[in-house]
2 protein chains.
Amino acid sequence: MKLTSRGRYAVMALVDLARFDNINPVSLRDISLRQGISLDYLEQIFSKLRKKEIVQSVRGTQGGYVLNKKAKEIKLNNIFEAVDEKVKTVQCNKESKKGCNGKSIKCVTHNLWDELENHINNFFKEKSLEDLVKDNIERRI
Amino acid sequence: MKLTSRGRYAVMALVDLARFDNINPVSLRDISLRQGISLDYLEQIFSKLRKKEIVQSVRGTQGGYVLNKKAKEIKLNNIFEAVDEKVKTVQCNKESKKGCNGKSIKCVTHNLWDELENHINNFFKEKSLEDLVKDNIERRI
DNA sequence: ATAAACCTGACTAAAATAGTCAAGTATCTT
DNA sequence: AAGATACTTGACTATTTTAGTCAGGTTTAT
Ligand code: FES
Ligand code: FES
């Protein structure tokens with residue numbers, strides 16, 4: 001199981017944004033430079049974040065992005081959902097002969113993976129962007 | 001983040017094995033049929049499980065595999081480790097200019113991913129094969 | 001002997017990921 | 001009005017990983 005870059009970048013970028021958007025919108029170029037993430041890739045990611053109303057865009061010179069909610073109200077699971085970083089542990093193939101078909105037949109481990117999925121998602125639901133920013137400021141990164 | 005088939009199959013197969021190895025070794029062919037997993041793929045997986053001493057093989061006719069430890073002592077993290085299903089959340093690229101280089105420079109989210117990794121691994125360390133078998137018997141699957 | 005079952009390594013196809021590239025549009029500054 | 005900055009979109013590509021196949025063994029009970 002691994003975390004994809006897309007998910008990781010989304011969180012990195014938003015932590016950056018949360019720290020610097022107090023005065024002016026933050027341009028993706030700045031985030032790109034500070035966090036070492038490809039500008040083009042950031043654009044893809046922010047397009048998704050905007051559609052899910054996690055950030056707001058400001059076009060034109062001096063434009064950029066701003067958080068669309070309080071950092072406290074943005075949880076990790078919201079971010080991941082927005083960028084399609086979903087936790088998927090079950091198989092449950094519609095048309096498998098044996099085992100994982102999800103409906104009538106559940107494989108011997110189905111419940112286990114369900115538990116795991118919840119376990120992970122709980123972690124994401126608890127953490128807010130604000131928590132992350134605070135952590136960072138404390139450690140002076 | 002998703003669980004790979006290899007990891008899922010390894011656990012499915014071992015749960016099956018744990019239920020049926022009391023009298024005779026269990027052949028991969030039987031597991032393949034019961035769980036709907038490709039025999040060739042199972043062989044790859046069991047080769048790894050054997051090397052990590054989670055199962056023991058019995059060659060020849062009527063051969064098969066047997067658990068090498070008590071089901072209670074086999075934890076999920078042992079299984080995953082054996083089949084290289086590792087949890088990887090950090091990036092920490094050795095040679096990245098900005099951000100994740102892991103040594104001197106840690107990106108703004110490094111600690112978060114570390115926490116996540118621990119969170120997930122704790123789940124794996126707690127669950128034993130015995131727990132899973134019991135669950136299954138209770139639910140009469 | 002022979003069949004069942006383990007053993008091994010190489011090979012391949014498909015999917016997902018991590019980007020890149022190109023051609024815009026909107027808005028601020030001068 | 002011109003130019004620069006920065007958002008917007010969609011298509012395209014390379015790389016990597018995963019999942020699975022295949023072929024050719026060896027061991028051992030009967
Ligand atoms: S994971 Fe859902 S039935 Fe196997
Ligand atoms: S994840 Fe370790 S430095 Fe970014």
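Here is the naming used below: chain letters follow the sequence lines, and residue numbers restart at 1 for every chain. All values derive from a computational prediction rather than experimental measurement.
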On the nucleotide [N], are OP1 or OP2 found under 4.0 Å from the side-chain N or O atoms that [X] carries?
{"X": "B/Ser57", "N": "C/dA5", "result": "no"}
{"X": "A/Tyr41", "N": "C/dC21", "result": "no"}
{"X": "A/Arg29", "N": "D/dA4", "result": "no"}
{"X": "B/Tyr65", "N": "C/dC7", "result": "yes"}

Does the [X] side chain pair with the main chain of [Y], one donor and one acceptor, at a distance under 3.5 Å?
{"X": "B/Asn68", "Y": "B/Gln56", "value": "no"}
{"X": "A/Glu117", "Y": "A/Thr89", "value": "yes"}
{"X": "B/His119", "Y": "A/His119", "value": "yes"}

Identify, between B/Gly60 and B/Lys51, the residue whose nearest nucleotide on DNA chain C lies closer to the 5' end.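 On the 5' side of the pair lies B/Gly60.
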Pick the nucleotide of DNA chain D nearest each of A/Leu28 and A/Gln44; which residue has the one closer to the 5' end?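 Its nearest nucleotide being more 5', the pick is A/Leu28.
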[X], nearest nucleotide to its side chain (from [options]):
{"X": "A/Lys2", "options": "C/dC6, D/dT17, C/dT27", "value": "D/dT17"}
{"X": "A/Arg59", "options": "C/dG19, C/dG24, C/dC6", "value": "C/dG24"}
{"X": "B/Arg6", "options": "D/dA19, C/dC6, C/dT8", "value": "D/dA19"}
{"X": "A/Thr61", "options": "D/dA6, C/dT20, D/dA4", "value": "D/dA4"}
{"X": "B/Glu43", "options": "D/dC7, D/dT21, C/dC7", "value": "C/dC7"}
{"X": "B/Ser38", "options": "D/dT9, D/dG25, D/dT21", "value": "D/dT21"}

Length of the [atom1]-[atom2] vector between [X] and [N], whole Å:
{"X": "B/Ile45", "N": "C/dC6", "atom1": "CD1", "atom2": "P", "value": "14 Å"}
{"X": "A/Leu33", "N": "D/dT5", "atom1": "CG", "atom2": "C1'", "value": "14 Å"}
{"X": "A/Met1", "N": "D/dT18", "atom1": "CE", "atom2": "C1'", "value": "15 Å"}
{"X": "B/Phe46", "N": "D/dG20", "atom1": "CZ", "atom2": "C1'", "value": "17 Å"}
{"X": "A/Asp30", "N": "D/dT5", "atom1": "CG", "atom2": "P", "value": "12 Å"}
{"X": "A/Leu42", "N": "C/dG19", "atom1": "CG", "atom2": "P", "value": "10 Å"}
{"X": "A/Lys88", "N": "C/dT17", "atom1": "NZ", "atom2": "P", "value": "11 Å"}
{"X": "A/Asp21", "N": "D/dC7", "atom1": "CG", "atom2": "P", "value": "13 Å"}

When the ring planes of B/Phe124 and B/Phe80 are compared, do they come out parallel, tilted or perpendicular, using 30° and 60° as the limits?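 The arrangement is perpendicular - the two ring planes meet at more than 60°.
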Should we say atom CD of A/Glu73 is surrounded by more than 12 heavy atoms from elsewhere, each under 6.0 Å from it?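 More than 12 heavy atoms, drawn from other residues, nucleotides or ligands, come within 6.0 Å of this atom.
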So, are A/Glu85 and A/Arg8 salt-bridged, with charged N and O less than 4.0 Å apart?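 Not counted as a salt bridge, because no side-chain N and carboxylate O are separated by less than 4.0 Å.
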Applying a 4.0 Å non-hydrogen cut-off, can you work out what A/Val26 is touching in the nucleic acid: base, sugar-phosphate, or nothing?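 Contact class for A/Val26: sugar-phosphate only.
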